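Please read all numbers here as calculations on a predicted model, not as lab measurements. In what follows, chains carry the letters A, B, and so on, assigned in the order in which the sequence lines appear, proteins first and then strands, with residues in each chain numbered from 1.
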Amino acid sequence: MTHLTYIMAAYGLTVLVAGVFAVDAWARMGRARRRLAAIDPRANR
Amino acid sequence: MDATTPPPPGGRTLHRFANPGRFLRISGRVLPVVALLGLGLTLTGCVWGLFFAPADWQQGDAVRIMYVHVPAAWLASFGYLSLAICSVLSLVWRHPLADLAAAEIGPVGAAFTALCLATGSIWGKPMWGAWWVWDARLTSVLVLFFLYLGHVALVRAFDDPQRGYRAGAILALIGVVNLPIIKFSVDWWNTLHQPATIKFTGAPTMYVGMLWPLLLCALGFTFGFVAIVLARTRAAVMERRIRGLLMARAQEADAR
Amino acid sequence: MTRKRRRLILLLVCGLGLGTAAALVLTAFSDNMVFFLAPADLASKAPHNGRTFRLGGLVEAGSVEHTREGSKPVVRFRITDGAANVVVTYAGILPDLFREGQGVVTLGAMQTDGTFRASEVLAKHDETYMPKEVADALKRSGHWDPKAGAPPPASTWNTLLPKPGNGG
């Protein structure tokens, strides 16, 4: 492959950004769900 | 709107989703599907683009950067469009979910715009011979990035969140002017950036063996964007309910 | 309902005003928004007295020659826009996309001898994405000479080969 370092940099950056945002959103959702369940037992989800 | 008046006929469909419980139920069911579609389509498109699509006769393998750059660019604009739609819903219909969604779209849109700028830069260095030039396309996308950043900061800048949402919505709507400028910059002015390959009229000037993985990636990025925004908005709705419960409890304790 | 309608109308009016203002500003500044001048613009618009500007156009077919200035390798080529052309000299690394018939944008200044001395040469990519096999097939069949200009309409080649490529 030509320009391999450029290609790897572009795809690496994409995976990094997408991964960080996905994991952060997932973790934030889990945190909120647990806190809500702890505060409000009626929130049966 | 007063809490006592029933929702008007026109707004009823919109306000169905204003009920946080209903939003959480529906989005909870939709989210896994959207997230899996996003992951699956993006992976398929990227593997296809990286290993099976042909190299370009001039660009060589550097053309493969396109499979992440172009979808990121499209999502940067579409994300801003969705931000603007949320802003209209917020300003005109006072839709409470639109405020939360707009606040969550901002950072995600900014990330996609940054990704578009960075991957474009990585492609530009070997192909054009420069990391960056101040032509109309690149500059207008940089302005889009700053609009996103401004929105992110403005929404979170006030003690009263309602005022932040209002200010953010106005900024977002002013920034909409930039969207046609981005789209048509390559036609209106002479730029270093090439004109559109996939046009509203006429055949795409791209070989089909490259077009398919690009479209898959674009679809995958779209689902991924929606999934991340949906997940963040779900979290925001739950966080708002937590704040409300805690505040109600504190007031109860004071009253006793 | 009326309050809502009033807000909607207010928003539309603001949008209309903003859109008009933006359109006016863009029209007023459109001359300053050009990234580069074409050879035909030089007579009327080119800054003289050694000021730097960007000159863009196509690298004329058959005009590229690699020479030396003392010990430094220098490339000389003509930039054309069909109507006029300018001789450009440049000492430095050319981008990967540089070739005859390719669009380029150069940064530099006019010299007293009427040539353009570039300190930077950028290649402009056009909107076509074509595998090598397809480009070769078009060249072989005489449908396209990349040195002479743009490729034929996309619908004649974008599904040309039955086998979609053979990997990288």
Side-chain angles (χ1 to χ4, degrees), chain B residues 1 8 10-11 50-64 66 88 91-94 124-130 133-136 170 173-174 176-178 180-181 185-186 188-199 202-212 214, chain C residues 1 3-5 7-8 10-11 14-15 18-19 21-23 26 30 33-38 54 56 92-99 102-103 105 120-136 146 151 153-161 163-168:
Chain B
M1 197 173 63
L50 271 177
F51 302 110
F52 298 99
D56 184 77
W57 77 283
Q58 295 188 83
Q59 303 173 52
D61 288 304
V63 69
R64 301 180 198 284
M66 167 189 74
V88 173
L91 285 179
V92 177
W93 283 278
R94 299 273 188 266
K125 183 58 188 169
M127 294 296 112
W128 288 344
V133 292
W134 293 100
D135 82 347
I170 291 171
L173 286 180
I174 291 173
V176 169
V177 181
N178 195 28
I181 295 180
S185 56
V186 287
W188 290 342
W189 303 291
N190 60 19
T191 52
L192 187 64
H193 194 286
Q194 61 265 34
T197 292
I198 298 163
K199 293 172 283 276
T205 51
M206 181 185 287
Y207 187 63
V208 279
M210 302 166 165
L211 190 61
W212 281 116
L214 175 62
Chain C
M1 189 63 190
R3 281 228 305 277
K4 219 165 287 174
R5 178 159 291 165
R7 290 199 295 258
L8 186 61
L10 184 72
L11 208 64
C14 288
L18 188 70
L26 289 177
S30 60
M33 302 265 315
V34 293
F35 185 62
F36 56 86
L37 296 174
R54 288 184 198 276
I93 301 160
L94 291 167
D96 293 6
L97 288 184
F98 184 91
R99 62 171 173 82
Q102 183 71 286
V105 177
E120 180 185 68
V121 173
L122 303 177
K124 191 166 153 45
H125 187 254
D126 61 10
E127 67 271 36
T128 52
Y129 292 81
M130 198 187 279
K132 193 173 179 310
E133 294 84 354
V134 174
D136 287 345
S155 54
T156 62
W157 55 261
N158 65 8
T159 54
L160 196 64
L161 291 186
K163 199 174 60 126
N166 49 7

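- In terms of modelled atom types and a separation under 3.5 Å, the side chain of C/D96 and the main chain of B/M127 share no donor-acceptor contact.
- Side chain of C/R7 to backbone of B/L91: a donor-acceptor contact under 3.5 angstrom is found.
- Across all their heavy atoms, B/A130 and C/L122 have their closest contact at CB-CD2, 3.5 Å.
- Neither the backbone nor the side chain of B/A62 comes within contact range of chain C; no heavy atoms are under 4.5 Å apart.
- When each of B/V177, B/V88, B/D135 is scored by its heavy-atom pairs under 4.5 Å with chain C, the top score falls to B/D135.
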For B/H193 and C/F35, what are the C-alpha separation, side-chain angles and deciding distance, and is it a side-chain contact (heavy atoms from CB on, under 4.5 Å)?
CA-CA 10 Å; B/H193 194 286; C/F35 185 62; over 6 Å; no

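- With B/D56 contributing its side chain and C/P131 its backbone, the two residues share no donor-acceptor pair below 3.5 Å.
- Here the straight-line distance linking atom CD of B/Q58 with atom CZ of C/F98 works out to 12.5 Å at 0.5 Å rounding.
- Taking B/G60, B/G124, B/A136, B/P126 one by one and counting their heavy-atom pairs under 4.5 Å with chain C, the maximum is reached by B/P126.
- A distance-only check finds a donor-acceptor pair linking the side chain of B/T205 to the backbone of C/E127 [under 3.5 Å].
- The contact between C/L11 and chain B is made entirely by side chain atoms (from C-beta outward), counting heavy-atom distances below 4.5 Å.
- When heavy atoms are compared at a cutoff of 4.5 Å, B/W128 approaches chain C by way of both its backbone and its side chain.
- For the set B/M210, B/M66, B/K125, the entry with the most heavy-atom pairs within less than 4.5 Å of chain C is B/M210.
- Within a 6.0 Å sphere centred on NZ of B/K199, heavy atoms belonging to other residues, nucleotides or ligands number more than 12.
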Could you go through the side-chain contact (heavy atoms from CB on, under 4.5 Å) check for C/F36 and B/N190 one step at a time?
CA-CA 7 Å; C/F36 56 86; B/N190 60 19; 3.6 Å; yes

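- Residues C/N158 and B/L211 form no side-chain contact, since every pair of their non-hydrogen atoms from C-beta on lies 4.5 Å or further apart.
- Chain B forms more heavy-atom pairs under 4.5 Å with one residue of C/A154, C/P153, C/A123 than with any other, namely C/A123.
- For C/K124 (side chain) and B/T191 (main-chain N/O), a donor-acceptor pair under 3.5 Å exists by modelled atom type.
- Both the backbone and the side chain of B/P204 come within contact range of chain C, judged by heavy atoms closer than 4.5 Å.
- Atom CH2 of B/W212 has 12 or fewer heavy atoms from other residues, nucleotides or ligands within 6.0 Å.
- Taking all atoms of both residues into account, the shortest heavy-atom contact from C/K132 to B/W57 is CA-CB, 3.5 Å.
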